[in-house]
Amino acid sequence: MMQENYHAAAVEAEARALWDKLSAARAREDAPGGKYYCLCMLPYPSGRLHMGHVRNYTIGDLITRYQRMKGRNVLQPMGWDAFGLPAENAAIKNGVPPAKWTYDNIAYMRMQLKSLGFAIDWEREVATCHPKYYKWNQWLFLRMLEKGIAYKRTGTVNWDPVDQTVLANEQVIDGRGWRTGAPVEKREIPMYYLKITDYAEELLAALDVLPGWPERVKTMQANWIGKSVGVEISFPHDDGVLKVFTTRADTLMGATYVAVAAEHPLAAKAAARDPKVASFIEECRQGGVTEAELATQEKKGVPTALTVKHPLSGAALPVWVANYVLMGYGEGAVMAVPAHDERDFEFARKYGLPLCAVVRAAEAPVQEPAAMTEAFVSHDGVLCNSGKYDGLGLQAGVDAIAADLEAKGLGQKRVQWRLRDWGVSRQRYWGCPIPIIHCPACGDVPVPDEDLPVVLPEDLAPDGSGNPLAKYQPFVECSCPKCGKPARRETDTMDTFVDSSWYFMRYACRDNDNAMVDQRADYWLPVDQYIGGIEHAILHLLYSRFWTRVMRDMGLLKFDEPFTRLLTQGMVLNHIFLRKTAGGGLTYYSPEEVELKHDADGRVVTAVLKADGQPVQYDGLGTMSKSKNNGVDPQMLVDKYGADTVRLFMMFAAPPELTLEWSESGVEGAQRFLKRLWKAVAEHTAAGPASALDKAAMNAAQQDLRRQLHETVAKVGDDIGRRYTFNTAVAAVMELLNALSRAPGSGALDRALKQEAYETVTLLLAPIVPHVAEALWKGLGRKGSVMQATWPKPDPAALKRDILELVVQVNGKLRGHIRVPAGAAREEIERAALAEASVQPFIQGKSVKKVVLVPGKLVNVVAA
RNA sequence: GCCCGGAUGGCGGAACUGGUAGACGCGCGGGACUCAAAAUCCCGUUCCCUUUAAAGGAGUGUGGGUUCGAUUCCCUCUCCGGGCACCA
């Protein structure tokens with residue numbers, strides 16, 4: 001006997017007790033059904049779940065439960081991306097060691113995930129800060145070192161000259177260190193790199209065979225990898241040649257100068273003789289290292305006394321040092337063709353450098369340099385001012401010029417990648433130690449496998465300056481594995497992207513201390529469905545694809561791509577409210593502290609702080625963050641409404657890929673729906689068991705209702721299984737419930753139909769609101785857990801229609817409707833459409849030119 | 001600056017392959033129930049004009065294009081969001 005009203009707390013406790021008893025979320029390799037690996041991006045243990053987590057994991061749980069009901073053997077694991085900067089920041093602020101802070105956060109967040117009812121196999125839980133996990137980071141790093149995939153060279157970092165510390169990009173605010181306010185400098189330090197560029201071609205080409213990935217993610221990755229086919233050109237000078245790479249070799253005869261990066265050897269050579277060049281190079285050392293910062297700074301340069309020889313004409317071209325040339329791309333030098341490149345044009349105009357137009361539109365004359373107001377950038381035209389190349393098309397020009405350069409030994413066609421090798425060294429404490437020992441005699445010596453893992457001491461507390469690991473002698477001091485003499489341990493740790501590049505493999509076999517992966521990984525992987533935020537579209541996903549290939553090439557795996565299907569979810573936003581303080585600062589108020597006043601149409605008129613009744617300024621929408629004080633703690637909502645309501649709202653509010661605006665009134669709507677559903681089922685079951693449904697005895701209204709029921713089954717299955725539009729799946733079930741509650745009649749046949757309908761609704765909602773579905777299933781008299789029930793199939797007989805309603809348009813405008821038999825001939829439909837009373841006035845006195853018929857949908861009469 | 005997205009009623013969104021714009025929900029208005037309120041239920045709700053109603057016109061960020069027909073395809077611009085290699 002069901003309770004009359006819905007009580008979330010009791011329902012949810014009972015459902016979870018049942019699942020625990022059945023170990024319903026456990027995943028076994030020997031269970032029946034095809035395997036299905038449903039994976040959500042693992043959270044950083046920041047302290048509490050935020051709405052983005054709830055959204056992410058609700059989507060994953062929905063798919064997990066749906067696939068289980070479809071008969072698949074599903075694995076849904078969970079773990080913790082437990083190394084990283086926030087733990088060190090918290091340590092600096094509170095004096096708590098990062099390890100304790102991290103483990104406490106994990107314990108709390110694990111409890112939160114359990115309270116949301118996610119069907120996670122907790123026996124596979126992984127934390128990346130655990131030595132048994134990161135041992136394998138170190139082990140694979142050493143294998144990469146052996147194969148030359150990992151190597152050492154210098155790299156550029158942000159340097160805080162006051163704290164004597166390397167800063168993360170996030171810690172650089174307007175070119176200054178976040179704690180000291182000191183202007184940040186660039187500094188070159190030795191680091192380990194992984195040769196992801198060796199895999200550039202494959203990582204790019206394989207995007208074409210990832211049909212389960214969103215196009216936009218594949219486009220972003222392709223652009224990031226950035227394959228350019230062009231020509232490497234050598235410009236001879238006194239000490240050798242200056243190499244540049246260009247995709248526009250056709251414009252070579254229009255090159256009027258060359259520009260090199262501040263870090264280029266030629267710049268250093270010029271600086272030795274010219275203090276102005278030296279001071280410019282010094283100026284370029286100021287500021288951060290991000291591409292956004294470099295690309296938005298004002299374009300500046302200085303001339304040098306150096307020249308290079310044009311490889312074809314032999315003319316002397318001046319060498320400039322320019323801040324817009326990046327040392328990290330190509331050769332760190334460019335040939336400048338101001339007439340046909342926007343950046344070069346701007347730079348040449350600024351510094352009075354000459355222009356020479358060498359491309360013209362096919363029908364147009366050569367452009368006069370002085371008359372040009374912008375660069376002529378065209379991929380269609382012919383060469384001019386280029387001697388023997390005049391009149392050639394642009395591609396023909398590239399080919400001819402490349403051939404001549406090659407003959408002279410001054411150039412060749414080649415491919416250039418935008419992708420750079422992955423620098424993995426971090427000068428930070430809370431990360432996986434890089435397993436290297438520096439010996440004065442033997443150099444950099446890998447830690448022997450039998451000494452792995454190199455364990456990170458867990459009780460150090462960083463203070464913001466330098467790396468505490470480097471100051472901790474018990475860690476640093478060691479003996480050389482080769483010669484046994486005193487040596488120094490490497491104190492850099494690995495980028496946390498290393499941890500997250502393969503964690504999904506370890507869920508399959510986290511208890512194996514003898515191997516990184518085993519045959520259980522062969523069973524579960526690759527991941528069938530991966531779900532996570534769009535902000536990871538490039539780095540994390542690209543690194544995982546790379547790491548997987550490295551492991552494959554070592555014989556550890558048999559597949560190429562780690563994630564067969566990918567769903568990228570949008571961010572969760574909320575309102576921002578603030579007041580300006582007397583001192584000119586800003587105080588942000590949580591939306592929970594603010595009351596909105598609406599006018600009669602529902603528009604927001606004013607917002608006042610509940611505490612004092614005084615107005616606050618509304619500052620629009622933004623991603624939930626601590627700094628803007630606009631985060632909503634999901635735990636409060638779970639406590640207030642229950643997990644099912646929060647899950648339902650999350651799925652109903654927007655399609656998963658879209659940005660989601662937070663609104664608590666939407667939560668109330670979701671709760672209302674569950675209450676209504678509960679009450680309807682309780683009333684239905686209160687009248688006792690229903691009889692079997694006699695389909696042949698149904699009247700027209702009952703047939704219509706049953707048709708809608710089975711149309712809903714078809715739609716929800718398609719929305720969840722194929723389209724991933726969970727919002728429309730929920731809407732369809734809401735419509736069905738509306739129709740059910742309007743359906744008259746309480747005879748035996750009506751009750752039998754409603755029994756079928758409520759059982760079906762329960763199954764359709766089970767992946768989204770599993771607790772309440774469990775209670776309804778039991779209330780409807782069904783045995784066992786709804787988790788183990790079978791997903792419903794639409795009855796084709798119920799879907800059949802005899803009469804179709806068609807739309808009639810005149811010149812594309814809706815003018816009426818007609819009803820025709822399902823098999824009606826074209827002529828019959830046209831006749832009915834033209835005869836329709838509401839259509840007649842719009843075709844009177846006109847001649848019908850054409851009638852467009854879309855079968856089963858519409859008739860459009862073209863009349864003039 | 002570069003790359004990738006997005007923009008539809010008062011609000012979140014729907015319209016799946018170019019075919020009825022606004023499903024579903026929120027909010028709001030009206031009504032029922034109630035001593036009253038909350039909760040619940042019922043009705044209405046894109047805008048404009050005329051209006052008892054019926055009907056008509058306009059309308060999917062901007063401006064253009066293709067088409068019998070465009071929220072959907074193409075081009076232009078504006079604004080917003082994500083990423084830019086050391087936040088995760």
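Proteins come first, then strands; the chains are lettered A, B, ... in the order of their sequence lines, and each starts at number 1.
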| request: Under the salt bridge (Lys or Arg N to Asp or Glu O under 4.0 Å) rule, collect the residues that match up with A/D160, sequence neighbours excluded. | output: none
| Among all residues two or more places apart in sequence or in another chain, which pass the salt bridge (Lys or Arg N to Asp or Glu O under 4.0 Å) test with A/E188? | none
| Short side-chain N/O contact to B/A15 OP1/OP2 from A/R723, under 4.0 Å | yes
| field | Residue whose nearest RNA chain B nucleotide is more 5′ - A/D421 or A/S741 | value | A/S741
| Integer angstrom distance from the C1' of B/U60 to that of B/G13 | 13 Å
Less than 3.5 Å apart, which donor and acceptor atoms pair up between the side chains of residues 848-864 of chain A and the rest of the protein, not counting sequence neighbours?
unit_1	atom_1	unit_2	atom_2	d
A/N860	OD1	A/N811	N	3.4
A/N860	OD1	A/G812	N	3.0

| note | Expected list for residues 670-678 of chain A near RNA chain B, using heavy atoms below 4.0 Å, is A/R672, A/R676
| task | Can you run down the salt bridge (Lys or Arg N to Asp or Glu O under 4.0 Å) pairs that involve residues 647-656 of chain A, sequence neighbours left out, and say none if there aren't any? | result | A/D61-A/R647
| field | C1' atoms of B/U62 and B/C16, separation to the nearest Å | value | 28 Å
Identify all pairs in which a protein N or O lies below 3.5 Å from an N or O of nucleotides 45-47 of chain B, and state each distance.
none

| query | Which pairs count as salt bridge (Lys or Arg N to Asp or Glu O under 4.0 Å) when at least one residue sits in residues 714-742 of chain A, sequence neighbours excluded? | reply | A/K715-A/D719, A/D718-A/R722, A/D719-A/R723
| query | With a 4.5 Å heavy-atom cut-off, do A/C432 and A/F83 have their side chains touching? | reply | yes
Kindly give the atom pairs (protein nitrogen or oxygen, nucleotide nitrogen or oxygen) under 3.5 Å for nucleotides 1-4 of chain B.
unit_1	atom_1	unit_2	atom_2	d
B/G1	N2	A/E291	OE2	3.4
B/C3	O3'	A/N223	ND2	2.8
B/C3	O2'	A/N223	ND2	2.9

| Starting at CG of A/L541 and ending at C1' of B/A88, how long is that distance when rounded to a whole Å? | 13 Å
Between protein and nucleotides 18-20 of chain B, what N or O pairs are separated by less than 3.5 Å?
unit_1	atom_1	unit_2	atom_2	d
B/G19	N2	A/N860	ND2	3.2
B/U20	O2	A/H817	NE2	3.4

| said: Is there a side-chain contact between A/K850 and the phosphate of B/U67, meaning an N or O under 4.0 Å from OP1 or OP2? | reply: no
| ring pair (Phe, Tyr, Trp, His ring centres under 6.0 Å) partners for A/F673, two or more places apart | none
Nucleotide N/O of nucleotides 50-55 of chain B paired with protein N/O under 3.5 Å:
none

| Contact class for A/K813 vs. all strands (heavy atom < 4.0 Å): base, sugar-phosphate, or nothing? | sugar-phosphate
| task | May I ask you to check whether A/Y133 and A/W502 place their ring centres under 6.0 Å from each other? | result | yes
| query | What pattern of brackets, bars and dots sums up RNA chain B from 5' to 3', given Watson-Crick or G-U wobble pairs under 3.5 Å, [ ] for crossing pairs and | for another strand? | reply | (((((((..(((......[....)))((((((.......))))))(((.......)))..(.(((..]....))).))))))))....
